[in-house]
Structures are given as structure tokens and as C-alpha cells.
Amino acid sequence: MELRLYDTMTKEKRVFTPIDPSNVRMYVCGPTVYDFAHIGNARPVIVFDVLFRLLRHIYGDKHVTYVRNITDVDDKINDRAVRDFPGLPLNEAIRKVTETTANQFQADVAALGCLPPTHQPRATEFVLPRPDGKADMVTLIKQLIARGNAYEAGGEVLFDTQSMPDYGALSGRKLEEQKAGARVAVDVHKKNPADFVLWKLSSENEPGWDSPWGRGRPGWHIECSAMSAAYLGDVFDIHGGGLDLIFPHHENEIAQSRCAHGTSVMANYWMHNGFLQVEGEKMSKSLGNFFTINELLTTDRFGGRKWPGEVLRLAMLKTHYRSPIDWTVSSLEEAFQNIGNWNDALSPHALSNMPGSYALPDEILEAVADDLGFSKVIAQMHQWAKLSKTGDASAAKKLAGTADFLDLGRSGWDKTLQEFLFKTATDNALNSKFDELIAAREDARARKDFKESDRIRDELAAMGVVLKDGRDADGRPVTTWEIAR
RNA sequence: GGCCACGUGGCGGAGUGGUUACGCAACGGUCUGCAAAACCGUGUACUCCGGUUCAAUUCCGGACGUGGCCUCCA
């Protein structure tokens, strides 16, 4: 088995070879915690979570280091701090804003079945030189100035893009084209319009740190250069994030890191997930189709119901990570049905509920190792579900092993399905009324009073309850019910 | 305007130079008092126009279309 990953830098799938198999290193750009994370933010978190699990499977749990940062220095955070905590000193208000949203983010992605990364550094802790000597932004900027890759002008420290001959390699942009586009703001103090800010001065009411260039705050990109170096070194294996980060964020990270460290690459593989649309349209607050992870989990804003985390996770994984994904109610319903179907397939087999009880099947390992090819995985799971229903225990175990590897919450499926179907009938009085009616109908059927039994069925149907007549293992009639979908 | 990705059956979504994705829906059947559910089975699709080839949905060129980036948005 060899792992192959698509590398944005070379635009091709390449066999993955770690720098050090005893410590495989991956960095993914995390959220800016000015607000609750939206469902689009969840995509890279889920995708790279599966890659993390795959790497752990291949190289061993103790031999993979996954870093996902939390950006807590940002102008939007400042705005929100002023809005939400007008009485507090700014720095304290900022801490409050980011604490709440960062905690919410952790809870949300945990509900989506994502493992915590090995390290989750916060940008504010890496601005100034640190007692532990880990890389920091101010030192990085000093190095860039010393090496002639950055200059001070107009109260800012700027990266000199012309000092780097192959600037733009990741995004395929050339500096001349940037000029031709003419959309880049013309700042007189910049040597080149493409030059970007490493450090900018803060006014009185903005958060700031004392630096050799005055009290100020870092530019957008430098934090990732600092935090990746701090935990993963100057050169590491995989750097991931959303497609939109290719330019300018990752391009500029590369420029900063490579020039400061004097290396020819920053990371060996650059991976980017595609964007998410909602019902065919770009998600935006103005269109009213903007949904946070938390809203999907806990409110009925999307499709009129709450969605279990594993349904959201499965829906996300059903589309290849590099393709655009259309986030629709029907796609979530389908994911829910898939889980219901798999649960039906597994329940007769009395499998262990302990995650990890069943091995990851080779077929799945091979599919996932081919640039995270989940569609093959899903197809395979359906096939095993079919076999499992015919009594094939080894297929059931493979299905369980796959669900556990992807962390689709198998041990909780029964409960999840119950809660999901009962969404309009959570109160016990109503449930026992259903049971009474069903029992009455059983009696009527036994008496062959089909007029009465059909009347009861209609009565339940009017309440949105669908009956399912079947037989148990001994061939005796059994009636179950569920909420009409 | 520049750069990039993509265009597959009713829908979603893989993949391939000549052979079955898969799921949902639909249709047919079995079962059922009748339904529903469940189970079994059915589908021959690949934007358009050229080119290469014995053969293209798959390779090349063009057209049209969609989406993304080019303003700290995953």
C-alpha cells in the first residue's frame, strides 16, 4: 500500500514520502475565531481529520504530529470585542470573545467526530519571543529584514516580493500579472504592489505588542509561518487548508518561511479542499443561506430539523475533498438514510460497540490512501451492507471497521436514529399513545377486522406516523413505526 | 481583464481509450388482508464542434457554460 496525495504545488498526485516516518508532520490553517464556525469551516476540519487518522494508521499514533492553529488576532475580533463587551478594556474583551468562540469551535468539531490535533497554538502566544525559544513572529520578521527580504516603510514592515525570484509558484501567479490586474491597492510606501504587511502599527484603541518597529500587531500570514516552525520545524510534510487560501495566504506563508529559514521549500505537499455551496448558491449572510455548524447541530433552521454530527460528517465525506460540494437538505437526508441502512445491516449481527473492535479493511485503506478517495469507500460500504443483510458476518465486521475508522459514530447509531425520527414526537405521552393504537390495530388484524385496522393506520398517518409491518426471527408479525419523512 | 478548476443517466456522484461504479428517486416483481417497510430485479448517461485512433465519455484543439481566486473569506 502506498499513500498518494494530490499536491497543489506540482498539480499532480504524488506518492507520499515523509521526511521522518517516526514523526510525520502536518499543518492545517485553522479558524479565525471571531464568530461561530460555519459549515464551510467544517470541511477542512473533517477532511484533514480523516487524513490525520490515515497517517496515524500507517505510521502509528505516536508518530504523527498535527498542528491546527487558532487565529485570535484579527480586526474582526476587535470589532466584535468592542460591540459585545463595551465596558471592558480591549485586551480583556478580546480574550472573552475568542475564548467563547474558540470553545464553541472545539465543541462543534468534536460533535463532527474530529480528533483534537496534537497541538492547537493560538496566534497571540506566538507574537513575541518566547521563553521556551520556539519560533515567534517578531523574530521571524527580524530575520526577514536581516536577510534583505523585508523593509520598513510608512509605519509598516513589508515583505519585498521582488527579493524572492520564484514568488508565486504555488498559485501560478507572476508579479507582472498582478500589476496588470490593477486591482491591488496602490500604496505609495510599497516598493511593489504585491508586497504584503508583516507588521503594522496599532492605534491607541487597537490591540498591540511592543516590537522593534513600535507598538503594533502582526500581518495576516506571519502567524502560520511562526506556529508551523514552532511545532513542525522549518520544513515539514503536509500543509493544508481551503482552496481560497492558496492566494494570498499560503503563497505569502511560503515566501516568509522559506526566506526567513533559507530553505527551498516550506512543506512537501500542499493540499486544498474545495468550497462549499448551499443549495447551489454561495453561502453568504446576505442571501440568508449562512449556517453555522452549531445551528445545524442544535436548531431546525436547515431543513426544519436538527442534524446529528455523524450525518453531517458523512454528508461531507461523500464528495471528494477537492470537488466543490453542494450542501443541500436532500444530501443530508440521503446521508441519514445511508446510516439508517447501515445500522439495519449491522444490528442483527450483535457486533461489539467498542470502536476499534474491528480492523480497517484493506479495500478501504487502499481507497483512502489514493488521495482520500471516499466515493469508493462509500460504494464498498453499501456492498458490505447488502452482504451483511444476507447474514455475512465478515462483511458486517468490515462495514463496522470502516465506520469506526471514519468515526461515523457507529456505537450511537441506534440512539441517533431514534432521536432523529422522533423529532416531532419526543414526549412520552404521545409515544405511549402510538403504542396503544398499534396494539389496538394488532388486535383488529388478529380478528381480521381490517376496516378497523386500516382506520387506526389512517389515524396514525394523520399524525405523521408511518407503520411498518414485518416479521421477527420466529416469523411472528411485528409492527414498528417511524415519523414520515 | 488575468489565473485556475470543472461540465457524466431524473438527482447526487465515481471512473475508464473498447467491458458494471455506487447511492437516492423511478419502474417491475416477491412478500402483505390491502398498503407501507423489507427483499430481488431493471436503467446504458457522459455539454457542443473539430482532430488523433481500428475504437473517445476518457487524449489534443476550439466553442459555450458553471464555479473559484485576483480586496485578511475554509
Side-chain angles (χ1 to χ4, degrees), chain A residues 8 11 28-32 34 37-48 71 73-77 168 170-174 176-185 194 196-197 200 218-223 240-249 251-252 272-277 280-285 314-315 318-326 328 330-331 333-338 341 344 367 373-383 385-386 389-390 444-445 448-451 453-454 457-458 460-461 465-471 477-482 484:
Chain A
T8 308
K11 296 190 185 9
V28 174
C29 291
T32 301
Y34 65 90
H38 60 252
I39 190 62
N41 292 309
R43 194 172 190 194
V45 177
I46 292 172
V47 165
F48 290 105
T71 296
V73 47
D74 171 88
D75 288 344
K76 283 190 197 126
I77 291 173
L170 180 70
S171 58
R173 274 164 225 273
K174 299 194 169 46
E176 305 80 67
E177 286 165 0
Q178 288 294 103
K179 276 188 221 167
R183 298 260 187 107
V184 181
F196 55 91
V197 172
K200 55 188 165 191
W220 175 33
H221 318 293
I222 194 73
E223 79 216 33
L243 210 58
D244 60 318
L245 293 181
I246 293 173
F247 188 89
H249 184 57
E251 199 69 79
N252 292 347
H272 295 95
N273 62 274
F275 252 55
L276 173 147
Q277 290 188 298
E281 289 183 299
K282 179 165 180 161
M283 180 166 70
S284 75
K285 287 182 179 169
L314 177 61
K318 285 177 76 172
T319 299
H320 185 86
Y321 77 94
R322 283 191 279 120
S323 301
I325 186 170
D326 192 9
T328 61
S330 65
S331 72
E333 282 169 349
E334 196 173 309
F336 167 76
Q337 281 195 47
N338 293 153
N341 186 35
D344 288 347
F374 295 126
S375 49
K376 264 187 195 153
V377 173
I378 306 296
Q380 186 63 258
M381 290 174 82
H382 285 302
Q383 197 183 318
K386 214 169 254 188
K389 284 179 184 176
T390 66
R445 291 182 72 205
K448 302 220 185 289
D449 182 355
F450 298 123
K451 198 179 168 192
S453 76
D454 287 355
R457 184 168 67 199
D458 290 344
L460 282 162
V465 172
V466 179
L467 295 180
K468 305 199 291 190
D469 293 337
R471 291 187 184 279
V478 184
T479 298
T480 56
W481 63 273
E482 65 181 41

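A, B, ... follow the sequence lines: proteins, then strands. Residue 1 opens every chain. Nothing here was measured: the structure is a model prediction, and the numbers come from that model.
Rounded to whole Å, the distance from CG on Leu170(A) to C1' on rC4(B) is 12 Å. As a whole-Å value, the separation of Ile77(A) CD1 from rC72(B) P is 16 Å. To the nearest angstrom, P of rC70(B) lies 10 Å from CG of Leu245(A). The CD-P distance, from Glu281(A) to rG68(B), rounds to 11 Å in whole Å. Put simply, CG on Asp326(A) is 13 Å from P on rU8(B), counting in whole angstrom units.
Helical stems in RNA chain B, defined as runs of 3 or more consecutive Watson-Crick or G-U wobble pairs with donor-acceptor distances under 3.5 Å: B:1-7 with B:64-70, B:10-12 with B:22-24, B:26-30 with B:38-42, B:47-51 with B:59-63.
As rounded to the nearest Å, rC48(B) and rC6(B) have C1' atoms that lie 16 Å from one another. For the C1' atom pair drawn from rC11(B) and rA45(B), the interatomic distance equals 13 Å after rounding to whole Å. Nucleotides rU47(B) and rU58(B) are separated by 15 Å at their C1' atoms, to the nearest Å. When the C1' atom is compared between rA5(B) and rG10(B), the two are found 26 Å apart, to the nearest whole Å.
Phe196(A) meets the ring pair (Phe, Tyr, Trp, His ring centres under 6.0 Å) test with Phe159(A), His221(A); sequence neighbours excluded. By the side chain to side chain contact (heavy atoms under 4.5 Å, CB included) test, Asp454(A) is found to be paired with Arg457(A), residues two or more places apart in sequence or in another chain being considered. Not counting sequence neighbours, the partners of Gln277(A) by the side chain to side chain contact (heavy atoms under 4.5 Å, CB included) test are Asp326(A). In this view, Val197(A) and Glu156(A), Leu158(A), Lys200(A) satisfy the side chain to side chain contact (heavy atoms under 4.5 Å, CB included) rule, not counting sequence neighbours. Among residues two or more places apart in sequence or in another chain, the side chain to side chain contact (heavy atoms under 4.5 Å, CB included) test is passed with Asn41(A) by Ala37(A), His38(A). The ring pair (Phe, Tyr, Trp, His ring centres under 6.0 Å) check on His272(A) picks up His250(A), with sequence neighbours excluded. With sequence neighbours left out, Thr328(A) forms a side chain to side chain donor-acceptor pair (under 3.5 Å) with Ser330(A), Ser331(A).
In this structure, His320(A) reaches the sugar-phosphate backbone alone: every heavy-atom distance under 4.0 Å involves primed, P, OP1 or OP2 atoms, never a base. Heavy atoms of Gly241(A) sit under 4.0 angstrom from primed sugar atoms or phosphate atoms, though from no base atom.
The phosphate of rU66(B) has neither OP1 nor OP2 within less than 4.0 Å of any side-chain N or O from Lys282(A).
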*How does protein contact run along nucleotides 22-41 of chain B, one letter per nucleotide 5' to 3', with B for base contact, S for sugar-phosphate only, - for none, heavy atoms under 4.0 Å?*
SBSS-------BBBBB-S--
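A donor-acceptor pair under 3.5 Å links the side-chain atoms of Glu251(A) to the main chain of Ser171(A), judged by distance alone.
Ring-base stacking between Phe275(A) and rG67(B) is not satisfied when judged by a centre separation under 5.5 Å and a plane angle under 30°.
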